Engineer: 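Quick one: the structure is below, and I'll ask about it shortly.
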Amino acid sequence: MKERIVQEIKRHREEIFQIARDLYEHPEISEQEYFAEKLLTEHLEKHGFQTEHGTCGIPTAFTAVCKGGRPGPRIAFLCEYDALEGIGHGCGHNLISAMSFGAALGLKAVLEETGGEIVVLGTPAEETNGAKVAMAREGIFKDILAALMLHPDSVSKESGSSLALDALRFRFRGKTAHASAAPEKGVNALDAVLLMFNGINALRQHVTDDVRMHGIIAEGGLRPNIVPDYAEARFNFRAAERKNLNEVVEKAKECARGAARMTGASVEIDYYELSNDDMVTNPVLGRLMAKNFRYMGETEVRPASREMGSMDMGNVSHVAPAAHGFIGLGDPDLVLHTKEVAECTVSENGKKAAERGACVLALTGYDVLASAEVQEEIRKTFAGEGR
């Protein structure tokens, strides 16, 4: 049965890779992925999937479904397809979409025998306001037994964990004045931002090793001879677990409030992007995915580890059993979010990765559909039993 799946994917390898190339040639930033949504849904419809547009009210999100001949678990393959401004597909989301599409075709070839249901989800804006956050919150993953995806990287890696993320905006307001003739009449909002930065920097020696705090000054005034009445900073705060992150964020907020009191400014604090939870790989799905990497001949698969970035797949992993592995592009020196990665996605190495990745995903889905024992083990581990 597994060889049937692999051969089906090989039969469609050119179509799978053409999707990756078309997305590479038409890069779209987060929440603007209209070409990508249309491209993927048209290809899925051509192969018999029933599609719905605008999942969760997000214009560039979609849901595509194919049901087997009898009832069974629901397997979800997730597509990401937003690009990076000025870089294009430097994070390889074009390959993510191609692999998930290919996996759906491969698993569909045996769905009449296994039963169950394939769900392909178009999840835009991973780089910013990740759609998976809203999808997880609004119940899109209800009754999904396995949510699966692969991400391109320099080398192949098992599904591990990631950092929870909060993206905060600090808006300080003061009062303008002539910076030389009447500075005493002004309230310097930029001074408040700088004091907040110093306070947050002082926090760094009092947090656990997994915590990351990095920010920018988004606005800092208009001219040097005008006391700035408005200044804005944006920060990303990350930690391995949500509880720890919440504590760190509250301390950072106190730094901002203290900076406002010290300068006489006021401060407003909000979130400029949706928050990511930490990724929790379901151990059964992680083990199956690792096994299928090796089935497909991956000679170097690094063990599961904590990714020091964040992902909206983390939110999914808290509401459904999930695995998010990494497929190697054949160059250990590649660094994500670069034009070199974008170019690699449409190279011969990218083509090979798309095919292998589609197979790994489809075979993992098959392992779930084909075994009632595996299904029960996934449910138990997700519920916290035997973790």
Side-chain angles (χ1 to χ4, degrees), residues 30-31 33 54-63 74-82 91 93 96-97 100 119-151 158-169 210-212 235-249 270-286 289 304-326 336 361 378-379 381-384 387:
S30 296
E31 301 180 82
E33 312 98 323
T55 301
C56 285
I58 302 168
T60 54
F62 69 83
T63 302
R74 304 178 80 214
I75 308 296
F77 298 119
L78 279 60
C79 297
E80 295 174 3
Y81 35 77
D82 56 329
C91 203
H93 292 185
I96 293 175
S97 291
S100 288
V119 181
V120 183
L121 288 169
T123 64
E126 191 276 337
E127 297 291 350
T128 58
N129 234 358
K132 298 184 201 69
V133 177
M135 290 179 171
R137 184 180 62 234
E138 295 187 25
I140 299 301
F141 293 92
K142 182 182 179 181
D143 300 328
I144 295 291
L145 188 59
L148 305 171
M149 64 176 289
L150 282 176
H151 196 297
E158 297 177 8
S159 180
S161 61
S162 67
L163 301 182
L165 163 71
D166 282 342
L168 270 71
R169 175 172 56 186
D210 56 292
V211 172
R212 297 291 187 269
F235 266 82
N236 284 350
F237 298 95
R238 306 176 197 254
E241 296 181 358
R242 168 54 59 183
K243 180 178 182 295
N244 188 24
L245 178 59
N246 290 344
E247 293 173 357
V248 169
V249 165
D270 62 7
Y271 291 78
Y272 68 92
E273 289 178 357
L274 297 179
S275 296
N276 291 169
D277 287 335
D278 50 303
M279 175 71 195
V280 181
T281 294
N282 180 270
V284 181
L285 292 177
M289 186 176 280
S305 63
R306 175 179 296 136
E307 296 297 318
M308 298 311 291
S310 306
M311 58 182 83
D312 57 356
M313 189 66 168
N315 299 64
V316 175
S317 72
H318 286 262
V319 298
H324 178 293
F326 295 84
L336 291 175
L361 289 171
I378 291 171
R379 293 187 181 99
T381 54
F382 183 70
R387 283 195 184 188

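Only a predicted model underlies this, so the values are computations on that prediction, with no experimental measurement involved.
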Engineer: Whether the side chain of Ser317 engages the backbone of Thr281 through a donor-acceptor N/O pair (distance < 3.5 Å, no angle test) should be reported.
Structural biologist: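 Between the backbone of Thr281 and the side chain of Ser317 there is no qualifying donor-acceptor contact (under 3.5 Å).
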Engineer: Going by side-chain hydrogen bond (donor to acceptor under 3.5 Å, both in side chains), name the residues that satisfy it together with Ser97, two or more places apart in sequence or in a different chain.
Structural biologist: none
Engineer: Holding to side-chain hydrogen bond (donor to acceptor under 3.5 Å, both in side chains), I want the full list of residues that pass it with Asp277, two or more places apart in sequence or in another chain.
Structural biologist: Arg242
Engineer: Among residues at least two apart in sequence or on other chains, which ones pass side chain to side chain contact (heavy atoms under 4.5 Å, CB included) with Glu158?
Structural biologist: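 Expected list: Ala290, Arg294, Val301, Ala304.
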Engineer: State which residues pass side-chain hydrogen bond (donor to acceptor under 3.5 Å, both in side chains) with Thr60; sequence neighbours excluded, sorted by chain then number.
Structural biologist: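 For Thr60, the residues satisfying side-chain hydrogen bond (donor to acceptor under 3.5 Å, both in side chains) (neighbours in sequence not counted) are Glu33.
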Engineer: Applying salt bridge (charged side-chain N to carboxylate O under 4.0 Å, His left out), can you list everything that pairs with Glu31, at least two apart in sequence or on another chain?
Structural biologist: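 Counting only residues at least two positions away or on another chain, Glu31 forms no salt bridge (charged side-chain N to carboxylate O under 4.0 Å, His left out).
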Engineer: Could I get the full list of side chain to side chain contact (heavy atoms under 4.5 Å, CB included) partners for Leu336, not counting sequence neighbours?
Structural biologist: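 Once residues adjacent in sequence are excluded, the partners of Leu336 under the side chain to side chain contact (heavy atoms under 4.5 Å, CB included) criterion are His151, Asp153, Val341.
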Engineer: For side-chain contact (heavy atoms from CB on, under 4.5 Å), just list the numbers for Val284 and Phe382, CA-CA rounded to whole Å, side-chain angles, deciding distance to a tenth of an Å, and then say yes or no.
Structural biologist: CA-CA 9 Å; Val284 181; Phe382 183 70; over 6 Å; no
Engineer: Can you name the residues that form a side-chain hydrogen bond (donor to acceptor under 3.5 Å, both in side chains) with Tyr271, not counting sequence neighbours?
Structural biologist: none
Engineer: Residues in side chain to side chain contact (heavy atoms under 4.5 Å, CB included) with Glu241, at least two apart?
Structural biologist: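 So Glu241 forms no side chain to side chain contact (heavy atoms under 4.5 Å, CB included) with any residue.
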Engineer: Donor-acceptor check, side chain of Ser159 to backbone of His324, threshold 3.5 angstrom: yes or no?
Structural biologist: yes
Engineer: State which residues pass side chain to side chain contact (heavy atoms under 4.5 Å, CB included) with Glu127; sequence neighbours excluded, sorted by chain then number.
Structural biologist: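 Glu127 satisfies side chain to side chain contact (heavy atoms under 4.5 Å, CB included) with Ser30, Asp82, Leu84, Cys91, His93, His337 only.
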Engineer: Would you give me the side-chain donor-acceptor pairs under 3.5 Å for residues 132-144, sequence neighbours excluded?
Structural biologist:
unit_1: Lys132; atom_1: NZ; unit_2: Glu80; atom_2: OE2; d: 2.7
unit_1: Lys132; atom_1: NZ; unit_2: Thr123; atom_2: OG1; d: 3.3
unit_1: Lys132; atom_1: NZ; unit_2: Asp312; atom_2: OD1; d: 2.8

Engineer: Determine whether Asp278 and His318 make a side-chain contact, defined as any pair of heavy atoms from C-beta on separated by less than 4.5 Å.
Structural biologist: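 They are in side-chain contact.
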Engineer: Under the criterion side-chain contact (heavy atoms from CB on, under 4.5 Å), I'd like the reasoning laid out for Met289 against Leu150: C-alpha separation, chi angles, the key distance, then a yes or no.
Structural biologist: CA-CA 10 Å; Met289 186 176 280; Leu150 282 176; 3.9 Å; yes
Engineer: For residues Met308 and Leu163, determine if any side-chain heavy atom of one lies less than 4.5 Å from a side-chain heavy atom of the other.
Structural biologist: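 Answer yes - side chains close enough.
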